[in-house]
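Working notes, beginning with the structure itself.
Letters A, B, ... are given to chains in the order of the sequence lines, protein chains preceding strands, and every chain is numbered from 1.
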4 protein chains.
Amino acid sequence: MTKKAEIGHNSDTASASKIKSFVERVEKMESEKRDISQDIKEIYAEAKGTGFDVKTIKKLVKLRAIETEKRREEQALLETYAAAIQMDLF
Amino acid sequence: MTKKAEIGHNSDTASASKIKSFVERVEKMESEKRDISQDIKEIYAEAKGTGFDVKTIKKLVKLRAIETEKRREEQALLETYAAAIQMDLF
Amino acid sequence: MTKKAEIGHNSDTASASKIKSFVERVEKMESEKRDISQDIKEIYAEAKGTGFDVKTIKKLVKLRAIETEKRREEQALLETYAAAIQMDLF
Amino acid sequence: MTKKAEIGHNSDTASASKIKSFVERVEKMESEKRDISQDIKEIYAEAKGTGFDVKTIKKLVKLRAIETEKRREEQALLETYAAAIQMDLF
DNA sequence: CATGAAAAAGAAGCGC
DNA sequence: GCGCTTCTTTTTCATG
């Protein structure tokens with residue numbers, strides 16, 4: 001038994017330092033995310049400067065994302081069927 | 001002048017290629033963003049696995065973000081004050 | 001059972017009347033919201049007419065909102081801590 | 001001339017108090033706006049609880065708003081035309 | 001699954 | 001009047 005009562009199974013100081021580490025790692029990642037969002041904005045700004053309609057390009061990006069997802073799902077479905085009839089697709 | 005409306009001030013073929021380029025650049029950036037989001041999730045998963053409460057860590061991250069935002073806004077306010085005084089608005 | 005899909009579990013006529021009621025109630029509320037937005041604009045206009053810098057006042061309002069939010073989040077964090085300790089997470 | 005140099009045409013203390021008053025009035029209005037937004041959410045929650053699709057009702061509200069606006073604009077246009085031919089619509 | 005928070009899209013207001 | 005920024009609203013995503 002330690003002198004000081006522990007809260008749970010992590011001792012206070014060690015916990016504090018670990019929490020700090022987790023928080024900082026998350027903050028770093030979120031900062032990177034913001035940077036990328038900024039980059040995306042800049043791409044759109046560039047597109048706009050080149051005479052394109054940003055709204056339309058955004059729609060294109062979204063449409064392609066949906067199509068990619070659809071293809072992914074179709075592939076998954078196909079694989080499920082193939083597995084059901086014990087067919088190797090590859 | 002052709003009957004068909006042009007997209008921006010670009011001719012059709014050049015436009016197509018430029019649009020494609022913009023779309024692909026955005027898609028690349030968005031993919032990176034998703035990767036980072038995934039990384040963040042993994043950090044939280046690790047924290048949880050180490051015995052920490054994810055909710056608490058998220059709250060800490062958020063509170064620190066608010067503090068940062070507050071500092072940012074305070075600075076902006078000071079600058080606005082300075083500008084207002086210059087303009088004799090007080 | 002009719003061919004036509006029902007909206008929710010309500011029969012057609014009753015539904016129509018209920019939907020109308022919901023829509024109208026929302027419209028009334030949104031109208032009130034617009035009125036208040038208008039009032040806010042007028043307050044800013046008055047401030048401007050009295051020789052104040054609107055931008056500064058807006059920044060003050062925002063900063064105070066952030067401060068309120070911060071206090072709110074601090075409280076929420078404390079509650080999360082308390083819950084986490086109960087759950088032996090530290 | 002007062003003893004203390006004034007910044008602009010508003011003396012410091014009077015300014016401070018006036019600004020405070022403006023800020024508080026705005027805050028009060030914004031608080032009321034939030035209340036109404038909350039009421040709207042509750043109406044939608046009630047609609048949902050009654051078995052309706054919230055998204056659809058929102059679409060209806062928006063459509064009606066557009067139609068109202070359209071009618072308003074048509075009326076304005078009509079009045080402009082009437083004025084142009086010096087015709088009294090009323 | 002349903003709730004609540006975060007991101008993205010869209011609308012509005014502002015200054016130039 | 002137009003473009004730019006700010007604010008609202010919608011949609012999405014994660015957690016319980």
Spacing of Gln38(D) atom CD relative to dT3(E) atom P, expressed in whole Å
13 Å
Quick one, Val23(B) and Glu27(B) - any side-chain contact, counting heavy atoms below 4.5 Å?
yes
Residue pair Leu60(D) / Phe22(C), side-chain heavy-atom distance below 4.5 Å:
no
In this structure, NZ of Lys59(D) is separated from NZ of Lys55(D) (nearest 0.5 Å) by 5.0 Å
Just the rounded figure in Å: distance from P of dT8(F) to CZ of Arg34(C).
14 Å
Measure from the side chain of Lys33(B), starting at C-beta and using heavy atoms only, and say which of dC4(F), dA8(E), dA7(E) lies closest.
dA8(E)
Ranking Lys48(A) and Glu30(D) by the position along DNA chain F of their nearest nucleotide, the one closer to 5' is Lys48(A)
Can you tell me how far C1' of dA6(E) sits from CD1 of Ile36(B), to the nearest Å?
16 Å
Separation between CD of Glu69(A) and CD of Glu74(A), rounded to the nearest 0.5 Å:
10.5 Å
Could you check which of dT3(E), dG13(E), dA8(E) has an atom nearest any side-chain atom of Lys41(C)?
dG13(E)
Integer-rounded Å distance: dA7(E) P and Asp35(A) CG
14 Å
One should read off an interatomic distance between Ile57(B) CD1 and Ile43(B) CD1, to the nearest 0.5 angstrom, of 10.0 Å
Using atom CD of Glu73(C) as one end and atom P of dG4(E) as the other, report the distance to the nearest whole Å.
15 Å
With a 4.0 Å cut-off on N to O distance, would you call Glu24(D) and Lys28(D) a salt bridge?
no
With Glu73(C), which of Arg64(B), Lys62(B), Glu67(B) fulfils side chain to side chain contact (heavy atoms under 4.5 Å, CB included)?
Lys62(B)
Round to the nearest Å and state the distance from Met29(C) atom CE to dT9(F) atom C1'.
19 Å
Tell me: CG of Asp53(C) to P of dC14(E), nearest whole Å?
13 Å
Whole angstroms only, please: what is the CD1-P distance between Ile40(A) and dA7(E)?
12 Å
Could you check which residues of residues 55-68 of chain A get a heavy atom under 4.0 Å from DNA chain E? Sort them by number, please.
Lys55(A), Lys58(A), Lys59(A), Lys62(A)
